[in-house]
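Structure, as structure tokens:
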Amino acid sequence: MLFSQASCLLALTTVVAAAPYEKVEKRWGGWGGNGRPWWTPSSASSYLEFGKRYPGSNTAAPTCDLSQAVLPTAPTPLPAPAAGLSLSHVAIGRGTQNYTCDLTNSTAVPVAIGAVATLFNVSCVAADSPDLLAKLPGIALDLPVPTTDNEDSAAYQDMSGHHYFLDASTPFFNMDTSLHSYGTGAFKKTNTSSAPSDAPLGQYGVGNGSVAWLKLDAKTSDGQIFQEVFRTLTAGGNPSKTCTGMPAAFEVQYAAAYFLFEKP
Ligand SMILES: *[C@@H]1O[C@H](CO)[C@@H](O)[C@H](O)[C@H]1NC(C)=O
Ligand SMILES: *[C@@H]1O[C@H](CO)[C@@H](O)[C@H](O)[C@H]1NC(C)=O
Ligand SMILES: *[C@@H]1O[C@H](CO)[C@@H](O)[C@H](O)[C@H]1NC(C)=O
Ligand SMILES: *[C@@H]1O[C@H](CO)[C@@H](O)[C@H](O)[C@H]1NC(C)=O
Ligand SMILES: *[C@@H]1O[C@H](CO)[C@@H](O)[C@H](O)[C@H]1NC(C)=O
């Protein structure tokens, strides 16, 4: 069966835009993958299917050569990766940005305390279909976080690992699972750039905008494979501007594409 990337994506986004939440979730639950590396996505499937290699559109067979993937450029560009590093992995992160509000302070603003996200391998999409990659965070944001609770599930097999914070200023990537060992790494934020003005406002098109694009550098240069991480193509995650009406702690749904670079 011939598969046209563009029409499939259109079908999927149409489903997401038109369907109520329950319907999207039902479609999600209905997708029972079998972990095969070759897969033909259909309109009744999830964004995770794009993480698999597919037999190609009508034009060209995918090569999944990570050196072909191009780091997206922010409107105000972030610094380039350091010379000598090579792209190791590209993952969609889907989870929440967490914030706190000081309720004793009437002029307080939300303070970011970290993010929690599940990471899914889209390295081949980044290599073969950058235009498709650019759409994935927005699609992922409107779908629930996939359940990865058992090794046999398709979502588990697509999972790169987990992203979370060791403390308020130390984002961590754990890309080792029972199925692979891509690596781990602790980072510090070294640069930030506003998301493009047309980035999603939030889940289902409602919210306070998309979190900034970031450059993260390894906290210590040795002992970990990943040296730099770029958070790009962000979708959602921004808090309200003030703490008025907000609880002491809250989460905002987000998705992003993480580009992880390694030492040769
Ligand atoms: C962020 O990167 C830009 C572009 O390379 C640079 O001009 C700016 O000084 C950097 N900011 C920080 C805080 O390092
Ligand atoms: C952020 O939210 C997630 C999801 O509810 C929660 O599991 C996690 O503990 C929170 N993290 C922090 C640092 O508050
Ligand atoms: C209240 O919040 C504002 C905005 O973050 C901050 O500038 C100010 O120092 C805070 N006041 C107190 C007493 O913490
Ligand atoms: C998953 O990531 C690895 C690199 O860490 C890559 O070699 C592999 O092809 C990726 N798989 C998919 C389906 O993108
Ligand atoms: C901004 O964020 C707050 C808290 O998440 C939410 O209550 C509010 O509706 C958002 N604003 C818009 C315009 O969606």
Side-chain angles (χ1 to χ4, degrees), residues 33-41 46-56 61-69 85-93 96-113 118-130 132-133 136 141-142 154-161 173-177 179-185 199-211 224-227 229 235-254 257-264:
N34 57 9
R36 279 190 319 207
W38 295 86
W39 188 271
T40 304
S46 81
Y47 65 93
L48 287 182
E49 292 190 21
F50 293 115
K52 301 185 186 300
R53 296 184 65 179
Y54 43 81
T63 56
C64 196
D65 172 4
L66 218 44
S67 70
Q68 298 300 304
L85 298 185
S86 58
L87 184 60
S88 176
H89 192 96
V90 183
I92 296 288
T96 64
Q97 296 283 329
N98 293 12
Y99 299 92
T100 55
C101 273
D102 178 0
L103 300 184
T104 66
N105 179 350
S106 62
T107 61
V109 296
V111 174
I113 54 160
T118 311
L119 301 167
F120 296 98
N121 192 349
V122 290
S123 298
C124 291
V125 176
D128 297 332
S129 309
L132 185 52
L133 180 79
L136 288 186
L141 179 65
D142 286 348
Y156 187 90
Q157 303 198 9
D158 289 330
M159 186 177 73
S160 306
F173 292 80
N174 181 350
M175 316 276 281
D176 294 343
T177 74
L179 301 181
H180 57 72
S181 298
Y182 293 144
T184 62
L201 287 174
Q203 204 173 34
Y204 314 125
V206 181
N208 296 274
S210 296
V211 284
Q224 66 184 45
I225 176 171
F226 301 125
Q227 295 302 302
V229 177
N238 264 356
S240 48
K241 287 204 167 54
T242 72
C243 280
T244 307
M246 298 307 294
F250 63 98
E251 302 162 1
V252 183
Q253 300 290 320
Y254 92 107
Y258 290 95
F259 282 66
L260 295 98
F261 287 81
E262 66 177 19
K263 276 190 292 215

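In listed order, ligands and their atoms are each counted from 1. Note that the structure is predicted; figures quoted are calculated from it, not measured. Along the sequence shown, residues are numbered consecutively beginning with 1. Only heavy atoms go into these numbers, but all of them, side chains included; no hydrogens, no water, no symmetry mates.
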Sorted by chain and number, the residues that approach ligand 5 to under 4.0 Å with a heavy atom: V206, G207, N208, S240, M246
D158 and N121: CA distance, side-chain angles, deciding distance, side-chain contact (heavy atoms from CB on, under 4.5 Å) verdict: CA-CA 6 Å; D158 289 330; N121 192 349; 5.8 Å; no
Flag for D102-T100: side-chain donor and acceptor within less than 3.5 Å: no
All side chain to side chain contact (heavy atoms under 4.5 Å, CB included) counterparts of T244, not counting sequence neighbours: T242
H180 (side chain) donor-acceptor with M175 (main chain) under 3.5 angstrom: yes
Contacts of S88 that satisfy side chain to side chain contact (heavy atoms under 4.5 Å, CB included) - sequence neighbours left out: F226, E262
Enumerated ligand 4 atoms positioned under 4.0 Å from heavy atoms of Y182: 1 (C), 2 (O), 3 (C), 5 (O)
Atom indices of ligand 3 within 4.0 angstrom of T107 heavy atoms, with elements: 1 (C), 2 (O), 3 (C), 4 (C)
Flag, side chain of T184 to backbone of F173, donor-acceptor distance under 3.5 Å: no
Pairing residues for C243 by the side chain to side chain contact (heavy atoms under 4.5 Å, CB included) criterion, not counting sequence neighbours: C101, A108, P110
Donor-acceptor contact below 3.5 Å, side chain S86 vs main chain P264: no
Distance filter under 4.0 Å to S88 heavy atoms, resulting ligand 4 atoms: 4 (C), 5 (O)
Polar proximity ligand 4 side, C64 side, N/O cut 3.5 Å exclusive: no
Contact partition for N105 relative to ligand 3, non-hydrogen atoms under 4.0 Å: side chain
